[in-house]
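Every chain is numbered from 1 and lettered A, B, ... according to where its sequence line falls, protein lines coming before strand lines.
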2 protein chains.
Amino acid sequence: MKIYFAGSIRGGREDQELYLEFIKILSNFGTVLTEHIGDKSLSNVGETIVSDSYIYERDMQWVRESDVVVAEVSTPSLGVGYEIGQAQSMNKSVLCLRRTTAEKKLSAMLVGNAYIKVAEYSTINDVADILRKFLNTI
Amino acid sequence: MKIYFAGSIRGGREDQELYLEFIKILSNFGTVLTEHIGDKSLSNVGETIVSDSYIYERDMQWVRESDVVVAEVSTPSLGVGYEIGQAQSMNKSVLCLRRTTAEKKLSAMLVGNAYIKVAEYSTINDVADILRKFLNTI
């Protein structure tokens, strides 16, 4: 299974360690195409060695290739929102996860969207349970 | 011309007064479907009288109806990113505007995306110029 994991980069890296935990769990189910999202050395400036148009084309190719898109949506992010909007238009399965302690209310474009599954979690054990249940249906 | 204006709600309302200025300018060119984005009484909790699924269905219907999508992207927002991703999949013309003083670097999904036009502005006069030039090409 090819998994596109989406998390905030330029929107803010406060949850980077959580993203890394997500990627570790997701790796048990298949290939995570976007392992760099969990990289500690990746700041909110984003990737600097490659151009923005390279990043865009590469990431959209990964979304097209993927069997499923899993997004951590606790931090508002234009890129993550965009990727979800595109993934839906490509009929990909989309799961959004949000910390119960997230500061901001989740967008109606996600939480009011019957196409997308949204789940909340408190602990990384919850994440493991939610991901296992979801990915076993793919 | 039907114009879908996108701005942050649950991502943060710091730019609400700017959104109102955008809507005033856009109203000279056509019907702004999303006038509530500029509403001072709309907080970052979002609309409370209608359900999230109502908001989602209504807003997506407006994107489908629109001739053009104009997004203010200075504040990271999952909803605005989602709307841009969907608008692109519907082959809508999309213009993103960003304050030169915006705190966060813009996502590569927007700035690296050849389909989308991105412009920066310092003053509301810049906004008027950018919008006029763009909308006259629609």
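L33(A) is not connected to L95(A) by any chain of hydrophobic side-chain contacts under 4.5 Å among Ile, Leu, Val, Met, Phe, Trp and Tyr, and they are in different clusters. Cluster membership for V73(A) and I124(A), using ILVMFWY side-chain heavy atoms within less than 4.5 angstrom, is not shared. V69(A) and I23(A) fall into different hydrophobic clusters, where Ile, Leu, Val, Met, Phe, Trp and Tyr residues are linked whenever their side-chain heavy atoms come under 4.5 Å apart, directly or through other members. One hydrophobic cluster, built from ILVMFWY side chains closer than 4.5 Å, holds both I37(A) and L97(A).
Between L78(A) and V80(B), the shortest heavy-atom distance links the atoms CD2-CG1, 3.7 Å. Residues Q88(B) and Y56(A) approach most closely at NE2-OH, 3.1 Å, considering heavy atoms.
Rounding to the nearest 0.5 Å gives a distance of 7.5 Å between NZ of K104(A) and CG of N44(B). If you take CG on L106(B) and CG on D52(A), they are separated by 8.5 Å, rounding to the nearest 0.5 Å. In this structure, L110(A) CG and R10(B) CZ are separated by 9.5 Å, a value rounded to the nearest 0.5 Å.
Per-residue heavy-atom pair counts under 4.5 Å with chain A were compared for G12(B), G85(B), S89(B), G46(B), and the maximum is reached by G85(B). Ranked by heavy-atom pairs under 4.5 Å with chain A, the list S77(B), G11(B), S8(B) is led by S77(B). For chain A, the option among V111(B), N113(B), I84(B) with the highest count of heavy-atom pairs below 4.5 Å is N113(B).
The number of heavy-atom neighbours closer than 6.0 Å to NZ of K117(B), taken from other residues, nucleotides and ligands shown, is 12 or below. Atom OH of Y115(A) sits in a crowded spot, with more than 12 heavy atoms from other residues, nucleotides or ligands closer than 6.0 Å. Other residues, nucleotides and ligands contribute only 12 or fewer heavy atoms inside 6.0 Å of the CD atom of E103(A). Within a 6.0 Å sphere centred on CD of E17(A), other residues, nucleotides and ligands contribute 12 heavy atoms or fewer.
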Step-by-step side-chain contact (heavy atoms from CB on, under 4.5 Å) determination, V45(A) to K105(B) | CA-CA 6 Å; V45(A) 173; K105(B) 200 173 158 189; 3.6 Å; yes
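In this structure, the portion of E83(A) lying under 4.5 Å from any heavy atom of chain B is its side chain and not its backbone. Of the two parts of M90(A), neither the backbone nor the side chain holds a non-hydrogen atom closer than 4.5 Å to a non-hydrogen atom of chain B.
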